[in-house]
*Asks:* 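Dropping a structure here in structure tokens format, bear with me for questions.
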Amino acid sequence: MFSLPADLKELPGGVTLIAVTKQQSEDDIHQALAAGLRHFGENRVQEAQRHWSQQRAAYSDLTLHLIGPLQRNKAADAVALFDVIHTVDREKIARALKSEMIRQKKDIPCFIQVNTGDEAQKSGIAPSDVRDFLHLCTAEIGLNIVGLMCIPPVDQDPSVHFRLLKKSGDACGLTQFSMGMSGDYRQAIAEGATHIRVGSALFGAR
Ligand SMILES: *Cc1c(COP(=O)(O)O)cnc(C)c1O
């Protein structure tokens, strides 16, 4: 059941709400569209195609964000469907995305995912590698990297991680920060988020 909380209705300037529609029904997606939302996030390419391939034709002003890990064999489909990719996290993916963008004549803005908690099971590059990886992605591969993205460890104060992400990006001249989910988007905004990725606070528990 979709509903838009008051504080998400009136976000500070410069903050984009990405409504995360993974595992949501078509009906809920329609309600979010009817409420005027136009930025949507998905974490799987195939599910995103199911949710959005048709809607693309109906809504010319949609912006679709890939927020989940990307496999190399899905790079072509991802480049065909998404407008922004938040999860560039290794050289192979960066190269695969770039060659698909050339083939499809697109230049899709991308975020580098940073594993701010250095968690073994989580995707993202180590905070200490941000500068080198950014240089590889931009100067060598030619991707359009606009910012950094993180998912803080569940058991820690998220503000510490948001601050670390912001500091890393500032140091490299990046200006966009994809951080904050349903449980912590207020903290993320306070720390300088430009994109918050919100699912359950809009649609209820999955
Ligand atoms: C699912 C997901 C979200 C949204 O999570 P909620 O807690 O439901 O707001 C945000 N970011 C990523 C990367 C996700 O996979």
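It should be emphasised that the depicted structure is a prediction, and the values quoted were computed from it without experimental measurement. Ligands are counted one by one from 1 in listed order, and the atoms in each one are counted from 1 as well. Note that these values count all heavy atoms, side chains included, but never hydrogens, waters or copies made by symmetry. For this chain, numbers begin at 1 and follow the sequence in order.
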*Asks:* Is it the case that more than 12 heavy atoms not belonging to K106 sit under 6.0 Å from its NZ atom?
*Replies:* yes
*Asks:* Within a distance under 4.0 Å of any heavy atom of V198, pick out the atoms of ligand 1 and give their elements.
*Replies:* 9 (O)
*Asks:* Quick check: are there more than 12 heavy atoms from other residues, nucleotides or ligands sitting under 6.0 Å from CZ of R56?
*Replies:* yes
*Asks:* How does I67 reach ligand 1, if at all, at less than 4.0 Å between non-hydrogen atoms: by side chain, backbone, both, or neither?
*Replies:* both
*Asks:* Answer yes when R95 and E140 have at least one side-chain N-carboxylate O distance shorter than 4.0 Å, and no when they do not.
*Replies:* yes
*Asks:* Rounded to the nearest 0.5 Å, how far does NE2 of H65 lie from CZ of F82?
*Replies:* 10.0 Å
*Asks:* Among protein heavy atoms, which sits nearest to atom 14 (C) of ligand 1, and what does the distance come to when rounded to 0.1 Å?
*Replies:* K22 NZ, 3.1 Å
*Asks:* Which of the atoms in ligand 1, numbered in the order shown and given with their element, are less than 4.0 Å from a heavy-atom of I151?
*Replies:* 13 (C)
*Asks:* What residue and heavy atom of the protein are closest to atom 6 (P) of ligand 1, and at what distance?
*Replies:* S182 OG, 3.5 Å
*Asks:* Number the atoms of ligand 1 from 1 as they appear, then name those within less than 4.0 Å of a heavy atom of N43, with their elements.
*Replies:* 15 (O)
*Asks:* Atom 11 (N) of ligand 1: which protein heavy atom is closest, and how many Å away?
*Replies:* R197 NE, 2.9 Å
*Asks:* Within this structure, what is the CG-CG distance for the pair L174 and L165, rounded to the nearest 0.5 Å?
*Replies:* 9.5 Å
*Asks:* Considering non-hydrogen atoms of the protein only, which is the closest contact for atom 5 (O) of ligand 1, and what is the distance?
*Replies:* M181 CE, 3.5 Å
*Asks:* So, F2 versus H30, ring centres under 6.0 angstrom or not?
*Replies:* no
*Asks:* Mind checking whether R206 contacts ligand 1 via backbone (N, CA, C, O), side chain (CB onward), both or neither, at a 4.0 Å heavy-atom cut-off?
*Replies:* side chain
*Asks:* Could I get the full list of salt bridge (Lys or Arg N to Asp or Glu O under 4.0 Å) partners for D7, not counting sequence neighbours?
*Replies:* R186
